[in-house]
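Single-structure report; data block below.
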Amino acid sequence: MIRTINPSNGELLAEYPAMTAADIEHVLLKTGDAASRWKQCSVGERAGFMNRLAGLLREQNNTHAEMISREMGKPLSQAVAEVEKCAWVCEYYAEHAESFLQPETVDVDGLTGLVTFEPLGVVLGVMPWNFPFWQVFRFASAVMMAGNGIVVKHAPNVTGSAIAIEQLFREAGFPEHLYRTLHIDLEDVNELVGAVIDHPVVKAVSVTGSTGAGIAVASKAGRALKPSVLELGGNDPYIVLEDADLRQAASVCIAARLLNAGQSCIAAKRFLVHASVKKEFEDILVADFSARRMGDPFDPDVTVGPIARRDLRDELHKQVEISRNMGATVLCGGEVPPEKGFFYPPTVVTDVRPGMPVYSEETFGPVATVIGFSDDDEAVSIANDSPYGLGSAVFSADTERARSIAARLEAGNCFINAMVKSDPRLPFGGVKQSGYGRELSSYGLREFVNVKTVYTG
């Protein structure tokens with residue numbers, strides 16, 4: 001039995017029956033049949049379904065946003081924005097997929113080489129809880145517009161959202177079984193997900209989640225010789241140079257750390273600040289973090305909701321406590337509040353050194369780490385001193401200097417004077433232990449296709 005818990009108060013939301021191996025076999029066979037028919041549809045026909053899906057997302061935005069807030073604790077205004085973004089990505093691929101999939105002609109010694117992009121079949125998506133709608137739609141919109149079918153193993157704590165998403169595809173008129181959800185209990189996840197990956201119907205895998213989950217799934221996919229895309233954890237550095245507009249930079253950094261209570265792979269996590277402005281930057285952070293209202297995500301005045309699960313909140317606090325015991329200074333926050341629910345206060349930590357958890361590990365919550373540096377070379381060295389390489393940012397009045405630093409950062413994304421965001425128009429993904437492959441833009445659409453060469457002699 002799968003149970004969902006309200007992180008705002010720790011109370012049971014709902015219970016759902018988990019699927020058996022026989023249930024999953026039935027779903028996979030049905031989705032395989034649906035995918036074999038779907039790939040025969042023109043890209044224009046697929047776009048019609050995708051545009052209807054976007055319309056439904058907008059019509060039902062409040063309903064789905066409320067489900068998101070109940071299940072994982074995101075403030076309602078942020079959940080509304082998440083659903084709207086899902087509609088955007090559906091419309092984006094509906095508009096651009098045909099050009100992205102257009103065959104390319106190559107001249108080969110005066111003869112014709114043609115490169116085509118053909119669907120693979122059924123793709124498994126292993127999805128996380130932190131953006132329960134967006135993570136699914138940014139994956140599914142591209143994969144389905146490329147002509148594939150989908151089965152999703154969503155995070156158990158957002159099972160209500162998973163069911164709602166599958167219903168949306170039905171309401172939009174997509175062929176029955178083309179998009180299906182696999183409800184798998186945590187105790188069965190390794191065995192059953194492994195069997196799904198091995199199943200001949202499944203041709204590829206996409207994972208968004210922790211590095212550990214990515215390694216486990218990618219290992220199974222590799223043994224089955226099936227391609228995979230991994231978007232995993234991050235320990236994103238935000239570099240603030242001495243010539244930056246400090247208040248503007250701090251404002252962006254704060255938003256990038258506290259969005260979704262810091263529960264984002266691309267949230268700002270390590271603030272690398274030039275020594276000459278470090279104290280002033282810390283003062284701005286502490287004043288803002290201390291004034292934040294934490295509480296019920298349905299309260300319009302609340303900007304920081306709970307951590308999604310108790311175990312995640314406890315692990316975050318452990319990272320702060322170990323770092324404090326190793327010599328780090330907690331400037332604000334850093335204590336588990338007495339209220340019901342899985343809350344953790346916005347926290348600023350300084351005097352941070354290598355080896356501390358808040359330096360080297362991903363902190364999945366509202367904990368900001370501040371680290372000083374003396375010059376550009378030291379900033380780059382600290383930024384790259386991480387097993388992760390997902391997002392990064394540089395703040396400076398000198399754009400060329402910022403771009404020079406960006407070119408040296410080991411990351412899949414670098415934003416200058418802006419917070420890192422996923423955008424349908426830009427490729428998104430990481431390097432090192434943050435994963436491989438790309439989502440979004442034309443690159444994401446072509447991840448799960450057969451790039452076929454057709455040569456006419």
Side-chain angles (χ1 to χ4, degrees), residues 4-8 10 65 67-83 85 126-136 138 154-158 161-162 207-214 231-236 238 253-271 289 292-298 302-320 333-334 336-337 341-349 357-358 361-369 388 390-391 419-422 428 430 434-435:
T4 57
I5 304 296
N6 186 334
S8 296
M67 174 66 78
I68 292 170
S69 295
R70 278 194 301 273
E71 288 195 315
M72 58 75 56
K74 182 174 303 184
L76 185 60
S77 62
Q78 296 179 24
V80 167
E82 177 177 340
V83 178
K85 193 173 183 180
V126 179
M127 296 289 112
W129 49 262
N130 56 335
F131 291 88
F133 269 61
W134 168 244
Q135 303 283 11
V136 170
R138 80 178 190 191
H154 215 323
N157 60 318
V158 291
S161 294
V207 181
T208 301
S210 69
T211 297
E231 194 268 280
L232 308 177
N235 195 5
D236 292 13
Y238 274 46
C253 290
I254 290 164
R257 176 67 277 196
L258 296 184
L259 180 70
N260 200 23
Q263 299 171 108
S264 171
C265 297
I266 53 169
K269 298 183 178 76
R270 293 178 294 152
F271 296 121
F289 277 35
R292 291 279 167 161
R293 182 168 177 179
M294 182 176 62
D296 182 356
F298 288 91
V302 163
T303 56
V304 180
I307 303 300
R309 300 198 314 258
R310 183 186 298 277
D311 61 310
L312 298 173
R313 192 271 307 275
D314 294 346
E315 177 59 29
L316 179 66
H317 184 56
K318 181 180 177 182
Q319 290 173 304
V320 172
V336 176
F342 313 141
F343 293 95
Y344 200 76
T347 299
V348 179
V349 185
V358 296
E361 299 174 6
E362 179 178 32
T363 50
F364 220 64
V367 176
T369 298
Y388 298 102
L390 189 55
M419 66 183 285
V420 179
K421 296 179 180 179
S422 56
F428 181 85
S434 291

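Values below: every heavy atom of this structure, side chains too, minus hydrogens, waters and symmetry copies.
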- Residues Ser161 and Glu71: side-chain donor-acceptor under 3.5 angstrom: yes
- Item | Thr369 (side chain) donor-acceptor with Val358 (main chain) under 3.5 angstrom | yes
- Taking only Lys NZ, Arg NE, NH1 and NH2, and the carboxylate oxygens of Asp or Glu, determine whether Lys318 and Glu361 approach each other closer than 4.0 Å. no
- Query: Can you name the residues that form a side-chain hydrogen bond (donor to acceptor under 3.5 Å, both in side chains) with Arg270, not counting sequence neighbours?
  - Reply: none
- Message: Main chain of Pro357, side chain of Gln319: is a donor-acceptor contact present, judged purely on distance under 3.5 Å?
- Response: no
- Query: Is Lys421 reaching over with its side chain to a backbone N or O of Met419, donor-acceptor style, under 3.5 angstrom?
  - Reply: no
- Query: Heavy atoms, side chains only, cut-off 4.5 Å: are Ser77 and Thr303 in contact?
  - Reply: no
- Rounded distance (nearest 0.5 Å) linking atom CH2 of Trp134 with atom OG1 of Thr208: 11.0 Å
- Note on the structure: CZ of Phe298 to CG of Leu76, rounded to nearest 0.5 Å, is 6.0 Å
- Query: Just by distance, do the side chain of Lys85 and the backbone of Arg138 share a donor-acceptor pair under 3.5 Å?
  - Reply: no
- Message: Treating Arg257 as the side-chain partner and Gly365 as the backbone partner, does any N or O pair qualify as donor plus acceptor under 3.5 Å?
- Response: yes
- Item | Pairing residues for Glu82 by the salt bridge (charged side-chain N to carboxylate O under 4.0 Å, His left out) criterion, not counting sequence neighbours | Lys74
- Message: Nearest 0.5 Å, please: how far is CD in Glu362 from CG in Asn235?
- Response: 7.0 Å
- Item | Any donor-acceptor pair under 3.5 Å from Ser434 side chain to Leu232 backbone | no
- Test log, rule side-chain contact (heavy atoms from CB on, under 4.5 Å), inputs Ile5 and Asn157: CA-CA 7 Å; Ile5 304 296; Asn157 60 318; over 6 Å; no
- Answer yes or no: is there a donor N or O on one side and an acceptor on the other, between the side chain of Thr347 and the main chain of Gly334, under 3.5 Å? yes
- Is there a donor-acceptor pair under 3.5 Å between the side chain of Tyr238 and the backbone N or O of Val420? yes
- Message: Using only atom types and a distance under 3.5 Å, with no angle test, would you say the side chain of Gln263 pairs donor to acceptor with the backbone of Phe364?
- Response: no
- Hey, mind stepping through Phe271 and Val348 against side-chain contact (heavy atoms from CB on, under 4.5 Å) and telling me if it holds? CA-CA 10 Å; Phe271 296 121; Val348 179; over 6 Å; no
- Task: Measure from the side-chain N and O atoms of Asn260 to the backbone N and O of Asn130, and report whether any donor-acceptor pair falls under 3.5 Å.
- Result: yes
